Amino acid sequence: MKNMLVVTSGIVAMILSTATIAGPREDLLAQYAAAAKASGFSAARGQALHTQSFSGGKPDTPSCTTCHGKDTRGAGRALTGKTIEPVAVSVAPTRYTDPAKVEKWFKRNCTEVLGRECTPQEKGDWLTFVIGQ
Amino acid sequence: MRIPYRPLAIGLVTLAFSALVLARAQAGDRHFFAPVTDPVVKEECGSCHLAFAPSMLPARSWQRMMGELDKHFGDNASLDPATAEKITSYLVANAGDAGGQRYSSKLLKGVASGATPQRITELPKWVSEHRKVPDWEWRHKEVRTKANCIACHTAAEQGYYEE
């Protein structure tokens with residue numbers, strides 16, 4: 001009887017948590033996880049990617065922080081002088097809710113900074129990092 | 001008493017720069033170039049830079065630009081064909097030579113009939129209009145590039161480019 005209760009409450013908790021967390025961002029993460037065949041994403045790896053300097057891309061944009069700034073909760077600035085909305089979800093709650101837009105900018109920015117497209121693993125790590133910021 | 005020279009100096013420089021920009025902004029008439037109103041064009045052409053007014057270039061310039069998006073001033077700004085086509089029609093319909101654009105004929109003066117200028121900042125009229133802006137002002141950290149209209153023309157997003 002006690003076991004039954006534990007199992008039932010476990011199922012209820014699972015349904016509840018799925019209901020509260022499922023959104024476009026979580027769908028994207030699930031998609032990247034499937035593509036990467038990854039067991040999980042790491043915010044720390046995402047942060048490392050965000051701050052790392054690369055030499056494969058364009059020389060004037062060696063890292064994500066070149067334009068997005070070092071503070072994830074502060075506005076960034078493109079080389080054109082235009083302000084960029086902060087990357088942290090805590091201060092920019094509407095970010096990463098349009099999957100096509102997320103993919104478009106991963107493609108464009110990874111090509112500029114890394115000189116190649118980002119892998120699903122890198123995308124998942126980075127998204128996990130900024131969701132937690 | 002210790003005088004905080006550094007913050008004071010920074011404050012003074014900022015004030016001087018603002019006054020200079022304000023003085024420029026207040027002079028002259030209100031040059032109006034209708035801003036982009038289409039939400040797709042605004043999003044796609046206005047993420048990295050100001051969504052430049054379509055009336056600032058002739059239709060043939062926009063057509064060429066939209067055909068070379070993979071080499072867009074050093075960036076690959078490619079779009080899917082459907083979006084690109086939609087944006088091209090908007091830019092062409094509202095281009096500087098599309099008619100009914102009051103200030104465009106002035107801005108496009110001196111552009112050869114077959115030429116397809118890509119940089120607004122290289123139009124002869126643009127160059128002569130900005131000839132008095134000193135080099136240090138272009139290099140100011142709030143300006144950085146000549147394409148950053150809004151740094152001095154504070155109402156550029158609304159379409160006003162006063163002197």
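Chain naming here is simple, since letters A, B, ... match the order of the sequence lines and numbering starts at 1 in each. On a predicted model such as this, the values are computed, not experimentally measured, just so you know.
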- Message: On a heavy-atom basis, which atom in Ala98(B) and which in Ala93(B) lie closest, and how many Å separate them?
- Response: CB-O, 3.4 Å

- Message: Given heavy-atom pairs under 4.5 angstrom as the criterion, report whether the side chain, backbone, both or neither of Leu50(B) touches chain A.
- Response: backbone

- Hey, which of Ser61(B), Pro117(B), Pro58(B) is the one that makes side-chain contact (heavy atoms from CB on, under 4.5 Å) with Leu108(B)? Pro58(B)

- Spacing of CG belonging to Leu29(A) relative to CG belonging to Leu127(A), to within rounding of 0.5 Å: 4.5 Å

- Message: Among residues at least two apart in sequence or on other chains, which ones pass side-chain hydrogen bond (donor to acceptor under 3.5 Å, both in side chains) with Lys109(B)?
- Response: none

- Message: Among Tyr103(B), Tyr160(B), Tyr161(B), which residue satisfies the ring pair (Phe, Tyr, Trp, His ring centres under 6.0 Å) criterion with Phe32(B)?
- Response: Tyr160(B)

- Query: Between Ile84(A) and chain B, which part of the residue has a heavy atom less than 4.5 Å away: side chain, backbone, both or neither?
  - Reply: neither

- Any idea which heavy atoms bring Pro35(B) and Gly159(B) closest together, and the distance? CD-CA, 4.0 Å

Chain B and chain A: which donor-acceptor pairs fall below 3.5 Å?
unit_1	atom_1	unit_2	atom_2	d
Glu43(B)	OE2	Lys101(A)	NZ	3.3
Glu44(B)	OE1	Lys104(A)	NZ	2.3
Glu44(B)	OE2	Lys104(A)	NZ	3.4
Gly46(B)	O	Lys82(A)	NZ	3.3
Cys48(B)	O	Thr80(A)	OG1	2.4
Gly74(B)	O	Lys58(A)	NZ	3.2
Asp75(B)	OD1	Lys58(A)	NZ	2.1
Ala77(B)	O	Arg108(A)	NH2	3.4
Glu142(B)	OE1	Arg77(A)	NH2	3.2

- Considering all heavy atoms of both residues, which atom of Cys48(B) and which atom of Ala78(A) are nearest to each other, and what is their separation? O-CB, 4.0 Å

